[in-house]
Amino acid sequence: MSTNASPADPLATLGALPGVAGSVDSVRKAVDRVYGHRVMRRRSGEITSEAALRGARASAALSGADWALEEVRRRTDFSGEPEARTVGAALRLTAEAGQLLSIWRQSPLRVLARLHLVAAGGASDDASVGRPRLAGENADEPLIESPLPDADEVAGRLDGLAALIIEGSEAPALVSAAVVHGELLALRPFVSCNGLIARTAERIVLIGSGLDPKAICPAEVGHAEQGRAAYAAAFEGYLSGTPEGMAAWIAHCGRSVELGVRESTAVCEALQRGAA
């Protein structure tokens, strides 16, 4: 992460960038609206489950496995071709995210290692699983083409990111989630599944911050709906480290949350009509 932020609370400084406050306010209003939907009072568990499924499908689509929702819902075996493994990894990560909230603020690096192990399907015989890349190891991430930081830079920046998370911040949840997401995409710290893990980490921050405690606002849906090209272009803004670029990335993440809200609102409406 490259900004001119105060070392005391760099995330809070990002929250003061021009345009970011508007995104934060818009996201908060959208989240409040869906949480106030009458269906949420009695069927929130169903909304949470559906949001998890749709979020996983969308995250897998961004990583190159763009399956129809009904195909994801129908399938039981995700151990075959590469696309099936990607979808399976996304589903496992989404299911795991809610189990790691209490650990995240104390040991984010431990959570990231666990997420990679889960994404890899528990392949403990692979020495690269569950730890950051070593010197000479590459990272497979089909969507992100920016230069890959070396292992020493990855280790240093992961430590810096972990320190920010542990110390806490006055920044809005959207800002913190966007920075965690962007930094993990920039680092691609593991040999595989980095995009899936970055988006899962964003989900963990949004849930754990209290913005979306029931996990019904799947930002992954919004990232996918805006398209892979828009996602990559917004991420270039994060990589630039400029105030304008960082603000554009945060706004993109905010719009993604709003689109996730729209998706879950549609599910609420369908349940209310008895159509789902």
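Considering only residues two or more places apart in sequence or on other chains, Arg74 meets the salt bridge (Lys or Arg N to Asp or Glu O under 4.0 Å) condition with Glu71. Taking Asp66 as the reference, Arg57 meet the salt bridge (Lys or Arg N to Asp or Glu O under 4.0 Å) condition, with sequence neighbours excluded. Asp32 is linked by a salt bridge (Lys or Arg N to Asp or Glu O under 4.0 Å) to Arg28, counting only residues two or more places apart in sequence or in another chain. Applying the side-chain hydrogen bond (donor to acceptor under 3.5 Å, both in side chains) rule to Thr94 yields no partners; only residues at least two apart in sequence or on another chain are considered. With sequence neighbours excluded, the residues forming a side chain to side chain contact (heavy atoms under 4.5 Å, CB included) with Ala139 are Arg133, Leu148, Arg188, Asn194, listed by chain and number. Among residues two or more places apart in sequence or in another chain, the side-chain hydrogen bond (donor to acceptor under 3.5 Å, both in side chains) test is passed with Ser49 by none.
The salt bridge (Lys or Arg N to Asp or Glu O under 4.0 Å) analysis of residues 135-150, with sequence neighbours excluded, yields the pairs Arg131-Glu137. Applying the salt bridge (Lys or Arg N to Asp or Glu O under 4.0 Å) test to every pair with at least one member in residues 224-249, sequence neighbours left out, gives these pairs: Glu225-Arg262. Listed by first then second residue, pairs satisfying side chain to side chain donor-acceptor pair (under 3.5 Å) with a partner in residues 195-204 read Ser59-Arg199, Ser63-Arg199, His181-Glu202, Arg199-Tyr231, Glu202-His223, Arg203-Glu220, not counting sequence neighbours. Identified under the side chain to side chain donor-acceptor pair (under 3.5 Å) test for residues 95-110, with sequence neighbours left out: Glu96-Arg114.
Panel note: side chain Ser26, backbone Gly22; no donor-acceptor pair is recorded below 3.5 Å. No donor-acceptor distance shorter than 3.5 angstrom exists from the side chain of Ser44 to the backbone of Arg41, with no hydrogens or angles considered. Of the possible polar contacts, one joining the Tyr35 side chain to the Lys214 backbone as a donor-acceptor pair under 3.5 Å is found. In terms of modelled atom types and a separation under 3.5 Å, the side chain of Trp249 and the main chain of Ala178 share a donor-acceptor contact.
Applying the under-4.5 Å side-chain rule to Ile, Leu, Val, Met, Phe, Trp and Tyr, the cluster around Val191 consists of that residue alone.
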For residues 84-91, run the donor-acceptor check on the side chains, cut-off 3.5 Å, and write out each pair with its distance to 0.1 Å, sequence neighbours left out.
| unit_1 | atom_1 | unit_2 | atom_2 | d |
| --- | --- | --- | --- | --- |
| Arg85 | NH1 | Gly80 | O | 2.5 |
| Thr86 | OG1 | Pro82 | O | 3.1 |

